[in-house]
Asks: 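Shown below is the structure under consideration.
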Amino acid sequence: QVQLVESGGRLVQAGSSLKLSCAASGRTFSDYAMGWFRQAPGKEREFVAGITNSGTNTDYAESVKGRFTISRDNAKKTVDLQMNGLKPEDTAVYYCAVKTFPGPVQRPTTYRYWGQGTQVTVSS
C-alpha cells in the first residue's frame with residue numbers, strides 16, 4: 001500500500017511559476033516510476049510528466065515540454081513538478097501516481113496508486 005499526498009496548488013496568474021510536491025509513504029518509493037497527471041473539468045485525465053525510479057529518465061506531454069520539470073528525491077520520498085510559464089489551459093486538478101504495471105508511461109491504467117489531487121488555477 002502506498003499513500004500519496006500532493007500539495008502546492010493554488011490560484012496564479014498566467015506566466016507565473018508554481019511548484020507541486022507529492023509526498024509518498026508506505027512501500028519502497030525508489031522501486032517505482034512516478035507520474036503527474038491532470039484533469040480539467042469535463043475532460044479526461046491526461047498525462048503531464050513521468051520519471052523513472054532512479055530519476056535518470058523523464059518524459060513530458062507535448063503541451064508542457066519546455067515549461068514543466070519533474071524531479072524526485074528518493075531519500076525524502078517526494079516527487080515534484082516545477083511549472084513555469086503557466087497558461088490558463090494548465091488549469092486542472094493535478095495528481096501524482098505510482099506506476100506499478102508495465103506499459104506506456106502516458107497510460108493512466110499503468111498506475112495503481114493515486115493521490116487526492118491539488119487544484120491549480122491559472123487566470124488570464
Asks: Can you tell me how far CG of L20 sits from CZ of R10, rounded to the nearest 0.5 angstrom?
Replies: 10.5 Å
Asks: Do you know which two heavy atoms are closest between Y111 and A97, and how far apart they sit?
Replies: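 Of all heavy-atom pairs spanning Y111 and A97, the closest is CD2-CB, 3.5 Å.
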Asks: Between Y32 and Y113, is the ring centre distance below 6.0 Å?
Replies: no
Asks: Are V79 and I70 side-chain neighbours, meaning at least one heavy-atom pair lies under 4.5 Å?
Replies: yes
Asks: What distance do K76 atom NZ and S21 atom OG have between them, rounded to the nearest 0.5 Å?
Replies: 10.0 Å
Asks: Quick one, V120 and M83 - any side-chain contact, counting heavy atoms below 4.5 Å?
Replies: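 When only atoms from C-beta onward are counted, M83 and V120 do touch, with a gap below 4.5 Å.
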Asks: Under the 6.0 Å and 45° cation-pi test, does R38 pair with F47?
Replies: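 So R38 doesn't make the cation-pi contact.
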Asks: Assess the pair F37 and Y95: is the distance between their ring centroids shorter than 6.0 Å?
Replies: no
Asks: I want to check something: taking the side chain as every heavy atom from C-beta on, are M34 and F29 in contact at a cut-off of under 4.5 Å?
Replies: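 Yes, their side chains come closer than 4.5 Å.
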Asks: Quick one: are W114 and E6 in side-chain contact, heavy atoms under 4.5 Å?
Replies: no
Asks: Say whether, by atom type as modelled, one donor and one acceptor occur between the side chain of R67 and the main chain of G85 under 3.5 angstrom.
Replies: yes
Asks: Hey, which of I51, V105, T69 is the one that makes side-chain contact (heavy atoms from CB on, under 4.5 Å) with Y60?
Replies: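 Testing each of I51, V105, T69 against Y60, the sole residue satisfying side-chain contact (heavy atoms from CB on, under 4.5 Å) is T69.
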Asks: In terms of side-chain heavy atoms, does S17 have a donor or acceptor partner in N84 at a distance below 3.5 Å?
Replies: yes
Asks: Please check if the side chain of T52 supplies one atom and the backbone of A33 the other of a donor-acceptor pair under 3.5 Å.
Replies: no
Asks: For A40 versus A92, what's the shortest heavy-atom pair and its separation?
Replies: N-CB, 3.8 Å
Asks: Let's go through L18 and L86 carefully: what are the C-alpha distance in whole Å and the side-chain angles of both, what is the deciding distance for side-chain contact (heavy atoms from CB on, under 4.5 Å) to 0.1 Å, and is it a yes or a no?
Replies: CA-CA 8 Å; L18 198 61; L86 283 162; 3.7 Å; yes
Asks: Distance check, rounded to the nearest 0.5 Å: T91 atom OG1 versus L11 atom CG?
Replies: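 It comes to 8.5 Å.
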Asks: For a side chain to side chain donor-acceptor pair (under 3.5 Å) check, start with the C-alpha distance between S30 and N53, then their side-chain angles and the critical distance, and finish with the verdict.
Replies: CA-CA 5 Å; S30 60; N53 61 326; over 6 Å; no
Asks: Could you check Q82 against D80 for side chain to side chain donor-acceptor pair (under 3.5 Å), going step by step and ending with a plain yes or no?
Replies: CA-CA 6 Å; Q82 177 66 46; D80 295 336; over 6 Å; no
Asks: Side-chain contact, heavy-atom cut-off 4.5 Å: L4 with V98?
Replies: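 Heavy-atom side-chain distance check passes, below 4.5 Å.
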Asks: Check the pair S25 / Q3 against side chain to side chain donor-acceptor pair (under 3.5 Å), numbers first and verdict last.
Replies: CA-CA 5 Å; S25 61; Q3 293 80 41; 3.1 Å; yes
Asks: What is the distance from atom CZ of R72 to atom CG of L81, rounded to the nearest 0.5 Å?
Replies: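 Going from CZ on R72 over to CG on L81, the span is 13.5 Å.
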Asks: What do the steps show when you test S54 against T56 for side chain to side chain donor-acceptor pair (under 3.5 Å), and what is the final call?
Replies: CA-CA 5 Å; S54 65; T56 302; 2.7 Å; yes
Asks: Do F68 and W36 have ring centres separated by under 6.0 Å?
Replies: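 Centroid separation for F68 and W36: 6.0 Å or greater.
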Asks: Hey, what do you get for OG (S16) to NZ (K87), rounding to the nearest 0.5 Å?
Replies: 14.0 Å
Asks: Show, in sequence, the C-alpha distance, side-chain angles and deciding distance for Y94 and V48, and conclude whether the side-chain contact (heavy atoms from CB on, under 4.5 Å) test is met.
Replies: CA-CA 9 Å; Y94 283 71; V48 175; 4.3 Å; yes
Asks: How long is the straight-line distance from CD of Q106 back to OG1 of T110, given to the nearest 0.5 Å?
Replies: 8.5 Å
